[in-house]
Amino acid sequence: MALYSEKVMDHFYNPRNVGVIENADGVGEVGNAICGDIMKIYLKIDNNVITDVKFETFGCGSAIASSSMATELIKGKPLSEALTLTNKAVAEALDGLPPHKMHCSVLAEEAIKAAVMDYYDKNGISYDRTQFPDCGSCEHCGHCTEG
Amino acid sequence: MALYSEKVMDHFYNPRNVGVIENADGVGEVGNAICGDIMKIYLKIDNNVITDVKFETFGCGSAIASSSMATELIKGKPLSEALTLTNKAVAEALDGLPPHKMHCSVLAEEAIKAAVMDYYDKNGISYDRTQFPDCGSCEHCGHCTEG
Amino acid sequence: MKVYADNAATTKMSRASIDAMLPYMDEEYGNPSSLHSAGQRAAEALQRARETIAKYLGCDAKEITFTSGGSEADNQAILSAAAAGRKKGKKHIISTAFEHHAVLHTLKKLEKQGFEITLLDVHENGVISPEQVASAIRSDTCLVTVMYANNEIGTVQPIAEIGAVCREKGVLFHTDAVQAAVHVLIDVRKQNIDLLSVSAHKFHGPKGAGALYARKGVILTNVIEGGAQERGKRAGTENIPAIMGMAAAFEESCLAMEENNAKMSAMRDRLIDGLSGIPYSILNGDRFYRLPGIVNFCFEGIEGESLLLLLDQKGIYASSGSACTSGSLDPSHVLLAIGRPHEIAHGSLRLSLSVYNTDEEIDHILKAVPAVVEYLRGMSPLWRDLETGKRKHILK
Amino acid sequence: MKVYADNAATTKMSRASIDAMLPYMDEEYGNPSSLHSAGQRAAEALQRARETIAKYLGCDAKEITFTSGGSEADNQAILSAAAAGRKKGKKHIISTAFEHHAVLHTLKKLEKQGFEITLLDVHENGVISPEQVASAIRSDTCLVTVMYANNEIGTVQPIAEIGAVCREKGVLFHTDAVQAAVHVLIDVRKQNIDLLSVSAHKFHGPKGAGALYARKGVILTNVIEGGAQERGKRAGTENIPAIMGMAAAFEESCLAMEENNAKMSAMRDRLIDGLSGIPYSILNGDRFYRLPGIVNFCFEGIEGESLLLLLDQKGIYASSGSACTSGSLDPSHVLLAIGRPHEIAHGSLRLSLSVYNTDEEIDHILKAVPAVVEYLRGMSPLWRDLETGKRKHILK
Ligand SMILES: Cc1ncc(COP(=O)(O)O)c(C=O)c1O
Ligand SMILES: Cc1ncc(COP(=O)(O)O)c(C=O)c1O
């Protein structure tokens, strides 16, 4: 399909790291049902390294592909590196996304950050909250014109 | 051609009575070059009967066909009968004319009347002038939007 | 197996339609405005096509104006009625919330010019009533425009009854019959329709041709100005090949309407029955007042685009709402109009059939859709929340 | 022998163009707005066509909007520039007296909405000068629209020079290149063109497809509202087959431009030389600034329609002025604009060639026309008056 790159289609048809981690060390969920996409990232963290990652996504093809690619990009990486992952890097790794689908890569970046934040919170690790997006509100994402 | 009936095309391709009568008893010319059609009818009259008729026409296909048909319709007829010839009768005899070409049949009717008037005038025969159209003026015909 | 189930978006051309076009693409290429025989043969063909369309709409050939498609016909119908209304100081138009964008966006344009637009509620079943129309008509109403059948959910409206109401109240009535044509019996006189739009590519005709019926006496204003084609109401060299293709397709499908509808609705009903078995799903639009070819479901917990892409992988060409708005992030305005919440509207699937579909194809769809829905739910955090009771199900 | 010499009205489709259409009429019928592969293959095709058109106009694919033809493109170009002008309080438009009706009637519509229109004089040779444009531009001018080449007399305008004037004065410049396309080297960037219209059926492509180039930054307003096709600027399911046919025809003819022009202008010059031998005749439009295919003569003392019908009988398909206005009783506005008196303008003949014409066909025309002119003069009372000195000849 011309709509998406082959990379996107590969990650959509064969998503990596789909699923749930029971007793995950950090869980992040962003997006909402009204907007039509929710991404949930589960992290297993050992010694500040992401030893395992899984995702669940409700959303369009590029949302699923972005989740898949993002999890691949942070798997086995130190948290510090995972936190530098930008939505642009996700989109580039997918050989690009159509302009109106860029927000899917934003969700992926935000879901990871939310999961790390959750890990910090759970473990009483202090961090600079302003460095993390506020992913709870629908207004924040700004990609819906209604609802 | 669908534009015109077969009758029109026959009279256009093989116009009857084209030409000039030298020393005609009555000659009528209507229309003008600016409007794009001029019809000229020549009559030979003997004992109030049209013994010969010829026409010359500058104009479109239906103008030529209308002249041809009109001359056929009055040839050999008494003047009184020729004067009753209406443009509608000419158009009907041609199996109809497109609406925007009806004025051609009007020209034919008027050209005949003008020729008869000329005959009356030349011979000092009195007649009711109001029964004859005023074919000299361009405004009269009303079928041009310009000029 | 490839299954084309997106016939509401566009259809495969019929052999008869292609065959009707080819001669006019090849040897008979004259311009109908030309006086010479090549032009006049084209003019005659155009006239035959006009008569064919008129015959199956129940009107005069003179009441047909050819356009480039359904959108243009809708635009012209509405703008013409509005222009007539404006002259009389009548600037109120009644329509419905689930019209095609060709109608809604034209109404929006008129709104900016000072028209007042009333969009009738279409209810959960996607059917409006003549009483709604009657009570919305005001002394300054210049037009009622209600689609004959909806393109997303397939519901058919009581057009004859609405026509009667409008005629009685002296208000112009337009109907967008782009989806309905060749599937319902249209008779513009009996049904009191003043303006009606059709589009050839929706009934196995070519893209690029549509027709606007305008009752004698209804004055059209031009959408496209220029030459005197279409009695001065639509400029531009006539698309003779496409018009010939449209007339052939229209005639072919109108003649076979009963047979085609029977075949299609049997397949449609198998789809409805089969897909209803998927838990937490719902059929959109009335079960009975519906076109023979359109089925539209919502599945809770999943999103439509990913559903489509996976069906595509299985060779099934389907749609989620209308083609024109796919790619947009907003859920279908039609599904919102029948009251589906956003999260449900996102999970929609439209399967639209034609007479070329087969029972084997329906079997294939009925195997594929439940599997894909299950797969997507399996990776959906929304579905997990529904299943674990963290969220309440909206559908049953 | 049949001689089609009415290529300014419409052309025969080339084999390449038909072949480019057929697959999209038959198997590849998807709607480019559909997400599934059938739709996306159509979307890719559409993109390829857009790139082809853009390539030979010297612009970006994104600057091309597909329309249903030249008239729609002209309408949209002018209405868009006017809408932009209105917002800035600039309501003056400059055009010429011999534009196509698609332009003139759109300007008339704008005049009714309060725009002021200046129509430049086109002189006897049918060519306007950049100086005329420069001196007509005012501070409230929002658009200059000058056709690239005239459809009746074939004269080519100094478009690059006019473009330079407009760019310098900061005024939008539209050119109707419907007749010029594939016969002149168009480069919208170098020629400072902001908006440009073409129509496929004038260059051996299909009817029902046109393209509007609009420079990036020039905002188009919709002529047809509805779905989001053509980046929201032209609603309606895209006519993919016709668009593919247009791109193929455009490319084929642009690649062969030099060769085709050489062949056509040789035939054209034979026609001009031959017909100039008819007494009291005149070539309309400049002898040199002219398209390779168009020849237009006036013959004193006869009327054009009867001339055409008699040529038709001899198998020659020609025209008297533009096709759109034939059937009208008024003489061509173009011939009046170059100063021909009514009685002369009525006696016009346009022969428009394509690369498919042959030398034998030119021989046939050169035999037929003088004979038919003589025959008609023989029955013309106007000619008699001219010959007998009752009237003075206007032509030499
Ligand atoms: C100069 C010119 N502009 C515009 C048009 C209109 O093109 P179309 O008939 O394809 O709409 C034509 C041809 O009719 C033309 O010759
Ligand atoms: C109900 C309805 N109206 C109008 C249209 C527009 O038709 P077209 O795409 O032929 O312009 C469509 C299809 O897209 C439709 O389904």
Side-chain angles (χ1 to χ4, degrees), chain C residues 4 6 9-13 18 21 25-26 29-31 33-39 68-72 74-75 100-102 105-106 109 199 201 206-209 223-229 235-242 305 308-309 311-312 317-320 323-328, chain D residues 4 6 9-13 18 21 25-26 29-31 33-39 68-72 74-75 100-102 105-106 109 199 201 206-209 223-229 235-242 305 308-309 311-312 317-320 323-328:
Chain C
Y4 187 80
D6 198 14
T10 195
T11 59
K12 180 178 171 61
M13 283 189 73
I18 294 178
M21 281 183 79
M25 289 168 59
D26 202 349
Y29 55 88
N31 184 325
S33 298
S34 296
L35 274 174
H36 50 68
S37 339
S68 67
S71 299
E72 188 186 333
D74 282 343
N75 276 246
H100 190 267
H101 284 137
H105 290 176
T106 305
K109 174 153 116 181
S199 183
H201 72 99
K207 295 176 177 63
V223 166
I224 300 174
E225 303 278 353
Q229 293 91 349
T237 302
E238 300 88 341
N239 190 350
I240 298 287
E305 195 211 79
L308 292 189
L309 294 177
L311 290 177
D312 184 68
Y317 299 150
S319 136
S320 176
C324 313
T325 48
S326 59
S328 137
Chain D
Y4 187 80
D6 198 13
T10 195
T11 58
K12 180 178 172 60
M13 282 188 74
I18 294 179
M21 281 184 79
M25 289 169 61
D26 202 348
Y29 54 89
N31 184 324
S33 299
S34 297
L35 274 175
H36 50 66
S37 342
S68 67
S71 298
E72 189 187 332
D74 282 343
N75 277 244
H100 190 267
H101 283 136
H105 289 176
T106 303
K109 175 153 114 181
S199 182
H201 72 100
K207 295 178 176 65
V223 166
I224 300 174
E225 303 278 353
Q229 292 92 350
T237 302
E238 299 88 340
N239 190 349
I240 299 286
E305 193 211 80
L308 292 189
L309 294 176
L311 290 177
D312 183 68
Y317 300 149
S319 138
S320 176
C324 312
T325 49
S326 61
S328 138

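Because only heavy atoms are used, hydrogens play no part in the values below, and waters and symmetry mates are left out as well, while side chains stay in. So you know, we letter chains A, B, ... as the sequences are listed, proteins then strands, and number each from 1.
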Practice problem: State, to 0.1 Å, how close C:A9 and D:T237 come at their nearest heavy-atom pair, and which atoms those are. | Solution: O-OG1, 4.4 Å
Self-check item: Options C:G236, C:A209, C:G70, C:S71, ranked by heavy-atom pairs under 4.5 Å with chain D, top entry
Solution: C:S71
Exercise. Check whether any side-chain heavy atom of C:H36 lies under 4.5 Å from a side-chain heavy atom of D:Y4, and answer yes or no.
Key: yes
Self-check item: Per-residue contact mode, D:A318 against chain C (heavy atom under 4.5 angstrom)
Solution: backbone
Quiz item: Side chain, backbone, both or neither: which part of D:P241 has a non-hydrogen atom closer than 4.5 Å to chain C?
Solution: side chain
Quiz prompt | Contact leader toward chain D among C:T10, C:I224, C:L311, where contacts are heavy-atom pairs under 4.5 Å | solution = C:I224
Practice problem: Report yes or no: does D:K12 contribute a side-chain atom to a donor-acceptor pair with the main-chain N or O of C:G30 at less than 3.5 Å? | Solution: no
Quiz item: Is a side-chain donor or acceptor of C:K207 paired with a backbone partner of D:A242 at a separation under 3.5 angstrom?
Solution: no
Quiz item: Would you call D:Y317 and C:S37 a side-chain contact if the rule is heavy atoms closer than 4.5 Å?
Solution: yes
Quiz item: Has the side chain of D:N75 got a donor or acceptor atom that lies under 3.5 Å from a matching backbone atom of C:E225?
Solution: yes
Practice problem: For D:E305 and C:L35, run side chain to side chain contact (heavy atoms under 4.5 Å, CB included): C-alpha distance rounded to whole Å, both residues' side-chain angles, the deciding distance at 0.1 Å, then the answer. | Solution: CA-CA 8 Å; D:E305 193 211 80; C:L35 274 174; 3.4 Å; yes
Self-check item: Under 3.5 Å donor-acceptor, D:H101 side chain and C:G227 backbone
Solution: no
Quiz item: Which region of D:T11, side chain (C-beta onward) or backbone (N, CA, C, O), has a non-hydrogen atom less than 4.5 Å from a non-hydrogen atom of chain C, or is it both or neither?
Solution: backbone
Practice problem: Measure D:D74 against the heavy atoms of chain C and call it side chain, backbone, both or neither at under 4.5 Å. | Solution: neither
Quiz item: Does the side chain of C:D6 reach to within under 4.5 Å of the side chain of D:N31, using non-hydrogen atoms?
Solution: no
Practice problem: Heavy-atom pairs under 4.5 Å with chain D are the metric here; pick the option from C:G69, C:G39, C:S68 that has the most. | Solution: C:S68
Quiz prompt | Minimum-distance pair of heavy atoms, taken over all atoms of C:M13 and D:M25 | solution = CB-O, 3.5 Å
